[in-house]
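Here is the structure we will look at, set down as structure tokens.
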Amino acid sequence: MHIMEGFLPAGHALAWTCVSAPFVVLGARSMKRILAERPEARLNIAASAGFTFVLSALKLPSVSGSCSHPTGTALGAMQFGPGIMAVIGAIVLLFQALLLAHGGLSTLGANIFSMAIAGPWVAFGVWKLAGRLGAPAALAVFLSAFLGDLSTYLVTSFQLALAFPDAQSGFGGAFAKFAGIFAITQLPLAVAEGLVTVVVMNALQARNVQVEGAKA
């Protein structure tokens with residue numbers, strides 16, 4: 001999903017940066033509050049950041065100017081809420097752009113919005129909804145990670161279609177084209193991410209780790 005350096009028109013890149021910035025600022029405040037109230041949460045936050053970094057670095061070729069990979073953002077969203085994932089995701093994406101040439105600095109705002117904001121909020125919403133509906137915890141975790149992953153790619157498709165509408169069918173045709181190509185590679189990756197996240201969450205719960213907002 002990482003949109004590569006220089007791929008978006010300058011106006012689009014700037015607009016996505018402006019949209020993402022407030023979420024990162026609010027996420028930093030949320031993280032500061034969590035760490036002040038629960039200093040022991042440092043290890044779990046670090047584990048969530050590492051999980052996101054490793055999974056999102058496993059990229060496969062996909063849509064031109066972008067790629068496919070798991071995101072790993074649902075794990076942190078389920079433990080601490082979606083707010084801090086904007087900060088964690090921004091840090092992960094910045095390091096990947098600088099160290100791995102994965103994504104770019106000019107497209108950082110767009111990538112933050114799709115992977116670190118939209119995906120975690122969807123994952124958190126699905127996690128809470130599944131809990132209220134009485135779904136088994138493992139199913140709630142799977143659906144949270146699976147749909148959080150897919151929503152990231154729908155947002156990336158939206159971003160690309162907005163920047164590069166089809167000459168004949170416009171935005172709608174371009175969105176269908178980008179989302180359709182992503183679906184070929186992303187559906188199996190999203191299933192795999194859901195299963196891996198269930199295993200990791202089970203391991204955390206086995207260690208009696210407190211999971212915020214995770215009363216699914």
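Heavy atoms only: backbone and side chains are in, while hydrogens, waters and symmetry mates are out. In this chain, numbering begins with 1 at the start of the sequence shown.
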Side chain proximity check, [X] to [Y], heavy atoms < 4.5 angstrom:
X: Lys59; Y: Ser68; answer: no
X: Ile88; Y: Met31; answer: yes
X: His102; Y: Cys67; answer: yes
X: Phe182; Y: Leu150; answer: no
X: Val155; Y: Phe113; answer: yes
X: Leu143; Y: Leu129; answer: no
X: His69; Y: Glu193; answer: no
X: Phe80; Y: Arg38; answer: yes

Under a single-linkage definition using a 4.5 Å side-chain heavy-atom cutoff for Ile, Leu, Val, Met, Phe, Trp and Tyr, are [X] and [Y] assigned to the same hydrophobic cluster?
X: Phe124; Y: Leu26; value: no
X: Ile91; Y: Leu35; value: yes
X: Val191; Y: Val199; value: no
X: Trp121; Y: Val25; value: no
X: Leu99; Y: Val92; value: yes

Near Phe171 CZ, under 6.0 Å, is it more than 12 heavy atoms from other residues, nucleotides or ligands? yes
List the atom of [X], the atom of [Y], and the distance in Å for their closest heavy-atom pair.
X: Thr197; Y: Ala145; result: OG1-CB, 3.6 Å
X: Met115; Y: Ser56; result: SD-CB, 3.9 Å
X: Ala118; Y: Ser151; result: O-OG, 4.1 Å
X: Leu189; Y: Pro70; result: CD2-CD, 4.4 Å
X: Ala130; Y: Ala140; result: CB-CB, 3.7 Å

So does [Y] get a backbone contact from the side chain of [X], meaning a donor-acceptor N/O pair under 3.5 Å?
X: Asn111; Y: Ile3; value: yes
X: Tyr153; Y: Phe178; value: no
X: Thr52; Y: Gly72; value: yes
X: Ser66; Y: Met1; value: yes
X: Gln96; Y: Phe53; value: yes
X: Ser144; Y: Ala123; value: yes
X: Thr152; Y: Ser114; value: yes

What's the spacing between [X] [atom1] and [Y] [atom2] if we round to 0.5 Å?
X: Ile184; Y: Leu187; atom1: CD1; atom2: CG; value: 9.5 Å
X: Phe51; Y: Asn44; atom1: CZ; atom2: CG; value: 13.0 Å
X: Asp149; Y: Gln186; atom1: CG; atom2: CD; value: 4.5 Å
X: Ser48; Y: Leu75; atom1: OG; atom2: CG; value: 4.5 Å

Walk me through it: do Leu55 and Thr71 pass the test side chain to side chain contact (heavy atoms under 4.5 Å, CB included)? CA-CA 6 Å; Leu55 289 194; Thr71 64; over 6 Å; no
side-chain contact (heavy atoms from CB on, under 4.5 Å) with Phe142: which of Val196, Val198, Val126? Val198
Take Leu98 and Leu105 through the test side chain to side chain contact (heavy atoms under 4.5 Å, CB included) and record every step on the way to the result. CA-CA 8 Å; Leu98 294 175; Leu105 295 179; 4.0 Å; yes
Output all residues satisfying side chain to side chain donor-acceptor pair (under 3.5 Å) with Ser106, sequence neighbours left out; order by chain, then residue number.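 Checked Ser106 against side chain to side chain donor-acceptor pair (under 3.5 Å); matches are Glu5.
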Ignoring hydrogens and angles, write down the donor-acceptor pairs under 3.5 Å from the side chains of residues 159-167, residues two or more places apart or on other chains.
from: Gln159; atom 1: NE2; to: Ala110; atom 2: O; distance (Å): 2.9
from: Asp166; atom 1: OD2; to: Gln168; atom 2: N; distance (Å): 2.9
from: Asp166; atom 1: OD2; to: Ser169; atom 2: N; distance (Å): 2.9
from: Asp166; atom 1: OD2; to: Ser169; atom 2: OG; distance (Å): 3.0

What side-chain donor-acceptor pairs closer than 3.5 Å can you find for residues 9-23, not counting sequence neighbours?
from: Thr17; atom 1: OG1; to: Ala13; atom 2: O; distance (Å): 2.9
from: Ser20; atom 1: OG; to: Trp16; atom 2: O; distance (Å): 3.0
from: Ser20; atom 1: OG; to: Gly109; atom 2: O; distance (Å): 2.8

